[in-house]
Amino acid sequence: MEEQTEEKLFGHFAVSAGRNFCLTYTISHHFSNLQVGSFVVVPMMRGKKEGEYIGVFLGLCEKPPFQCKDIIKKLEFVNSIPENLILMLKWLSEYYLSPLENFIALLAPSFIWNVNRHDMLEKRLQKLFVKNNNQYFLINENKSQQVKGEIKLPLRECIALNEEQNFIFQDIIESHPTVSLLHGVTGSGKTEVYLKLAQYFIQQNKNVLILVPEIALTPQMTSRFRAVFQNHLSILHSGLTSNEYEKEWFRIHYNLAKVVLGVRTSIFSLLENIALIIVDEEHDNSYKSQDIPFYQARDVAVLRAKKEGALCLLGSATPSVESMYNVKQGKYKYYSLQNKFSNNSVQAVIIDSKQNLNIPLKMKQGNYPLKSSQIAFNNDAISSEVFAVLKETKDRGEQSMVILNRRGYVNFSLCMACSQSLKCPRCSVSTTLHNNGSIEICHYCSFRVNTRKNCPSCLSPFLMTRGIGTQNIEEQIQRQIPELNIQRLDRDVLTSNSRLNDIIENFRNGNTDCLVGTQMLAKGHDFPNVTVVVVLHVEDSLFLPDFRASERTFQLLTQAMGRAGRGKHKGTLLLQSLILGHPVIELSLNNNVKDFIDRELNRRKLGFHPPYSRQILFEIRQSNKGKAMVLAHKIKDYLVNFWKENSFEVNQIRLAGPYFATLEKLNNEFRVQICVSTIREIHPFKLIPKEIFHDKELLPHFKIDVDPYSFM
DNA sequence: AGCACGCCGACT
DNA sequence: GTCGGCGTGCTC
């Protein structure tokens, strides 16, 4: 702020304070050791008070047309972010059309960004680490690094591979494929290959990063890695307490961890000298960030590996269509592991749900299509065959699983007088009834109310519940088979990580006979005594308005089959469905991945869907319905004019919308979407005019999702 | 995120 | 007039 600003340097800084900003500050001469990626303390006005905040130096810049403040100091207990990582984030910020500072914010957790807690933080760090010759060391190494719920396994220095696994291991270390896809069902031994590769690179004095979906962070997975890598392993997930997370983050940052095992955001961990990045269950949707900044961690993994000269290994029992396409294009090397207990030993039985249907006689002629709310199921929606099989399974001393992709008790409540359902007052969706039907919860905004006794629109008390959720299924099965020991597993039950571990432990050691839940059940876990898996209402996921609906259904069914065929016994998959003979169901039951991928790629080529196109989804939110649509049209005009001016060819771009989203109203805001599909050769950056981001009227009301995974 | 400003309706 | 509710805008 002094007069001598001419002599000072100006620089851009990413500052995080609730929202992330890119601000300009002056740098005094005594900050000679400041480099791109350094953490600094900066002053910033918050209302009338000036506070201190944390910023990351992004680079020098010209003198701006406004007054700038001086940076206060450089943080010494945090190292600078490596420049190659900053460069990668710059690339990501261009590709995903999201400001760089939003990506910078992902590099460090909240305890770094909150300057008020730094005194305490530094005190705690002094008790944990000691600095010597610019190297950090852990002070009390012997203190147990065990994470709650982990099972202690005997130490296995030597990882024994079978012939097939060993061939893949050898081929990867000899031929060094930049990206490879390892296809093998859970239990076929992918983890051994991961472990062996990680061990190999650590012996070369390199580091390894492993990504897993949240749900796959089971005690088994972490225990196996812990047994091999012990205190060289750092595990990052949302279940850690803030102190545990802090310690793990600094262990990685201070170069004291060699293997990082973590969820989506771990792809941005400050691990250096990486030789290998593994993405386990690469098809899993949890790798896609559904909010700002939007990114796909699996794709970032491929990019980071390329930029850092590391190998990238994607593993899955049900590879994504995108990855299989890259295999076909020769971009990814393909490896396949056969299962010892192949899916072929699973017998699939399809039960026709239509026999349970009860269509009301009073339906008016010509009033089709029928709404699901107008159709009732006899026998409470579960076929008698299902009950019989569950009972027989218990009598044989074996276990079963029932999967229904809908949590809650009943789906919704319908007024018989005016045909309106009980709706969330803030969102355009019906509420879901929970806790035996006593409370209504909105699954989108968490609105919660005691179940209303009268219809809000016509005040009629004649309300009828329709649809069925996991809570109800659990209750129905319990009523039919009282001796069956049932446990439910879905997002409603999961209040804590230890709860998940308890449920899984109880099931594995046989205290529970039958696990009822959402598709969460189908993922990852290894239960050898499960011989029967029931999937209810498959058609629900098959016909969603999303081009990935068949892929997700195929994956769900394949994984469900995998769950049933893990042990020595022959497994059974019971499928209760309204539709019979659908090719996607047939192909998954026959375990025919090749034909499914071919069919799917063909469909996507015809429909101009990814991987044959790249999509950019605009979402406009406004509390006024009409204004929302007006704003959306403004965006469309920007786009269409820009494409015309830059003479893009018509067959290279498709624009859909603006239209109101399936979830038209969310949290009292109306949602309008515009979906742009283009040929993959055009970078998203070149397709969107910059004016959109500088338009003050538009800016607060829209989000851009590049490569979207959700279209609701 | 926070904090201030400003616009509008209710009340001395 | 003016108190205060909250919608909107700014932080170098």
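Just so we're on the same page: letters track the sequence lines, and every chain starts at 1.
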Q: Round to the nearest Å and state the distance from Gln622(A) atom CD to dG7(C) atom P.
A: 12 Å
Q. Separation of Phe21(A) atom CZ from dT11(C) atom C1', in whole Å?
A. 6 Å
Q: Could you check how far CZ of Phe66(A) sits from P of dC10(C), rounded to whole Å?
A: 14 Å
Q. Would you say a side-chain N or O of Arg46(A) is under 4.0 Å from OP1 or OP2 of dT11(C)?
A. no
Q) Would a line drawn from the ring center of Phe13(A) to the ring center of Phe57(A) be shorter than 6.0 Å? A) yes
Q: Round to a whole Å and report the spacing from NZ of Lys69(A) to C1' of dT11(C).
A: 8 Å
Q) Tyr25(A) near the nucleic acid: base, sugar-phosphate alone, or nothing, with a heavy-atom cut-off under 4.0 Å? A) sugar-phosphate
Q | Whole angstrom value for the distance that separates P of dA4(B) from NZ of Lys49(A) | A | 7 Å
Q. When the ring planes of Phe129(A) and Tyr254(A) are compared, do they come out parallel, tilted or perpendicular, using 30° and 60° as the limits?
A. perpendicular
(Q) Classify Pro64(A) by what it touches in the nucleic acid, base, sugar-phosphate, or nothing, heavy-atom distance under 4.0 Å. (A) nothing
Q. Name the one of Leu121(A), Leu270(A), Leu128(A) that satisfies side-chain contact (heavy atoms from CB on, under 4.5 Å) with Phe250(A)?
A. Leu121(A)
Q | Distance in angstrom units between Asn20(A) CG and dC10(C) P, rounded | A | 18 Å
Q.
For Glu619(A), is there an ion pair with Arg621(A) - N to carboxylate O distance below 4.0 angstrom?
A. yes
Q.
Between C1' on dG7(C) and CG on Asn624(A), what's the gap in Å once rounded to a whole number?
A. 14 Å
(Q) Tell me the interatomic distance from Glu697(A), atom CD, to dG7(C), atom P, rounded to whole angstroms. (A) 19 Å
